[in-house]
Amino acid sequence: MKSIFALVDCNNFYVSCERVFDRRLAGRAVVVLSNNDGCVVARSNEAKQLGIGMGVPFFQVQNVIEKHGVLVFSSNYTLYGDMSQRVMATLSRFAPKLEIYSIDEAFLDMSTFAHLDLTEYARQIRETVKKWTGIPVSIGIGHTKTLAKIANRLAKHSQKTQGVLNLTDSPWLDRALEQTDVANIWGVGSAYAQKLKNKGITNALQLRNADDGWVRRNLTVMGLRSVYELRGESCFPLEVNPPPQKGLAVSRSFGTRVEKLEDLQEAIALYATRAAEKLRRQKLAAHLMTVFVMTNLFETKKEKRYFNSHTVEFPTATNDTTELLSRALAAVQKIYRPSYRFKKAGVLLEGLIDQDKVQACLFDPTDRARSQRLMQTIDHINSSMPPDTLRWAASGLQRPWQTKFQKRSRCYTTNWNELPEVKSNQN
DNA sequence: TCTGGGGTCCTAGGACCC
DNA sequence: TCTGGGGTCCTAGGACCC
């Protein structure tokens with residue numbers, strides 16, 4: 001049985017989430033910004049038509065935004081995460097197996113539905129998701145994930161498809177590949193795209209027919225797998241049960257520059273606390289923690305640049321906030337240098353293992369059972385009451401360095417509808 | 001003045017060992 | 001004049017994804 005994948009991708013996901021709860025946004029140019037209101041990470045079609053690119057720094061498009069009255073939102077991940085769950089729950093009714101690939105995408109296993117009219121079936125999926133969640137999606141179908149991705153992209157961009165394109169045993173397959181620029185193939189980024197173009201390979205059809213040896217040498221085995229996938233030979237199976245996570249990070253740019261050690265420590269204290277919470281939520285513990293601090297790396301001449309990190313090893317893997325926090329604060333002290341204006345800092349956790357498999361070290365002085373009960377109590381309070389009801393004094397109260405979210409919408413769907421920090425919108 | 005955050009995989013090269 | 005060879009493990013860096 002030949003495998004069949006459907007890729008369901010939410011259109012302009014973050015913008016669509018905002019639109020579900022604010023009717024004024026319908027038909028208008030809307031963008032959503034990244035953390036710290038830094039870059040544009042989602043655009044409505046109207047905003048795309050104004051030439052606002054994906055990932056561009058906000059300040060570079062500010063003129064266009066003001067001129068055309070584009071509505072601007074800070075990202076609201078609580079809202080998007082919740083909407084994502086609703087979409088995925090809906091999709092899970094339509095296929096025996098589903099892989100949640102990202103916050104706004106899922107692969108569905110359609111292999112057992114070969115007898116159905118898949119285009120018609122996908123239309124049903126699309127209508128149901130729209131009706132139940134308010135989110136518009138596009139669906140691409142192919143014999144491999146890479147082909148499903150290509151189908152999805154064409155479905156999104158062509159009016160004729162009405163959001164659904166099936167490329168399994170389709171007379172249009174070669175035509176579709178020919179229309180697809182190599183840069184838009186899943187697995188081909190800007191560096192590989194350039195290499196391919198230098199070699200005269202500009203579209204997916206040409207890449208499908210490329211020489212295996214050359215691809216292997218220049219694009220590694222990953223590139224070669226993509227070529228096989230273009231030929232209809234599946235190399236990336238559906239991953240229903242994702243493998244355990246290998247590392248975890250919490251890092252943020254600061255809303256304003258930080259110069260004092262105390263402020264830097266407050267920030268790191270908060271990130272270490274968040275990282276520990278993430279560990280416990282996933283029932284993991286870490287052997288290694290890296291703390292890093294950096295100045296603005298975009299800075300060219302005027303200002304001194306600095307990056308440094310320090311890694312701490314825990315002989316007994318831990319997810320205890322108290323332990324991570326104290327070691328993190330000591331680490332910042334080691335890498336802090338006065339007279340720099342810090343822009344960003346973060347905490348990385350590696351060497352992750354199942355928290356139930358933690359092996360106590362023979363000379364371990366801490367009472368782990370006791371601290372575990374304390375963490376459970378804190379997590380329970382913080383999950384059943386407004387977030388951060390209990391917090392560590394080390395992470396500060398004023399937080400002058402806090403990341404900017406000046407245009408955040410309300411958390412419409414979750415229990416704690418905190419008011420936006422600044423009144424919801426301009427215009 | 002203003003440029004996000006969080007992941008994955010692969011490879012080359014160095015360290016180390018016999 | 002001559003300067004082994006081959007294996008494993010680890011890490012940093014580069015590529016990719018959303």
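Every chain is numbered from 1 and lettered A, B, ... according to where its sequence line falls, protein lines coming before strand lines.
- At C:dC18, one or more side-chain N or O atoms of A:Lys149 fall inside 4.0 Å of OP1 or OP2 (strictly under the cut-off).
- No contact: A:Ile103 has no heavy atom under 4.0 Å from any strand.
- Residue-level contact check: A:Gln62 touches neither bases nor backbone, having no heavy atom under 4.0 Å from any strand.
- Remark: C1' of B:dG4 and CE of A:Met54 are 10 Å apart, rounded to the nearest angstrom.
- Nucleic acid contact class of A:Arg225 (heavy atoms, under 4.0 Å, all strands): sugar-phosphate only.
- Counting any heavy atom pair closer than 4.0 Å across all strands shown, A:Val188 reaches sugar-phosphate atoms only and no base atom.
- Of the candidate nucleotides B:dT11, B:dG6, B:dT8, B:dT8 has the atom nearest to the side chain of A:Lys246.
- Phosphate proximity of B:dG6 to A:Ser251: present, with a side-chain N or O under 4.0 Å from OP1 or OP2.
- Between A:Asp212 and A:Arg216 no salt bridge is recorded (no basic side-chain N to carboxylate O distance below 4.0 Å).
- The pair A:Glu18-A:Arg408 does not meet the salt-bridge criterion, since no charged nitrogen lies less than 4.0 angstrom from a carboxylate oxygen.
- Nucleic acid contact class of A:Asp37 (heavy atoms, under 4.0 Å, all strands): none.
- Base contact: A:Phe298 has a heavy atom under 4.0 Å from a base atom.
- With distances taken from any side-chain atom of A:Tyr101 to the nucleotides C:dC16, B:dG5, C:dC18, the minimum falls on C:dC18.
- Ion pairing between A:Asp181 and A:Lys197 holds under the 4.0 Å rule for side-chain N and carboxylate O.
- Atoms CD1 (A:Ile185) and P (C:dC18) sit 13 Å apart, rounded to a whole Å.
- Note on ring orientation: taking the six-membered ring where Trp is involved, the planes of A:Tyr336 and A:Phe342 are tilted (angle from 30° to 60°).
- Closest-nucleotide positions on DNA chain B for A:Val221 and A:Leu248 were compared, and the one nearer the 5' end corresponds to A:Leu248.
- Taking 4.0 angstrom as the limit, A:Lys404 places none of its side-chain polar atoms (N or O) nearer than this to OP1 or OP2 of B:dG4.
- A salt bridge does not link A:Asp320 with A:Arg280: none of the charged nitrogens is closer than 4.0 Å to a carboxylate oxygen.
- In this structure, the CE atom of A:Met222 is 10 Å from the P atom of C:dC17, given to the nearest Å.
- Across all strands, A:Gln60 comes closer than 4.0 Å to no nucleic acid atom at all (heavy-atom distances).
- At whole-Å resolution of the value, CD in A:Gln194 and C1' in C:dA15 are 15 Å apart.
- A sub-4.0 Å separation between OP1 or OP2 of C:dG14 and a side-chain N or O of A:Lys195 is absent.
- A:Lys278 comes within contact range of the sugar-phosphate backbone alone, with a heavy-atom separation under 4.0 Å but no base atom that close.
- Distance CG (A:Leu224) to P (C:dC16): 16 Å, rounded to an integer number of Å.
- Nucleic acid contact class of A:Gly247 (heavy atoms, under 4.0 Å, all strands): sugar-phosphate only.
- Between C:dC18 and B:dC2, the distance separating the two C1' atoms is 24 Å to the nearest Å.
- Counting any heavy atom pair closer than 4.0 Å across all strands shown, A:Ser75 reaches no nucleic acid atom.
- The one candidate from A:Phe307, A:Tyr306, A:Tyr340 that meets the side-chain contact (heavy atoms from CB on, under 4.5 Å) condition with A:Val293 is A:Tyr306.
- Residue A:Lys344 contributes atom NZ, which lies 15 Å from atom P of B:dC2 at whole-angstrom precision.
- Ring planes of A:Phe94 and A:Tyr121: perpendicular class, angle over 60° (limits at 30 and 60°).
- Counting non-hydrogen atoms under 4.0 angstrom, A:Ile100 reaches nothing in the nucleic acid.
- Of the residues near DNA chain B, A:Ala249 and A:Val41, the one whose nearest nucleotide (by heavy atom distance) lies more toward the 5' end is A:Val41.
- A straight line from CG of A:Asn218 to P of B:dT11 spans 13 Å, rounded to a whole angstrom.
- Protein atom CG of A:Leu348 is 12 Å distant from nucleotide atom P of B:dT8, rounded to whole Å.
- For A:Asn35, the listed nucleotide lying nearest its side chain is B:dG4; candidates were C:dC18, C:dA15, B:dG4.
- Checking the phosphate oxygens (OP1, OP2) of B:dG4, no side-chain nitrogen or oxygen of A:Thr403 falls inside 4.0 Å.
- Across the strands present, B:dC18 finds its partner in C:dG5; the criterion is a Watson-Crick or G-U wobble pair with both atom distances under 3.5 angstrom.
- The side chain of A:Arg274 places no N or O atom within less than 4.0 Å of a non-bridging phosphate oxygen (OP1 or OP2) of B:dG5.
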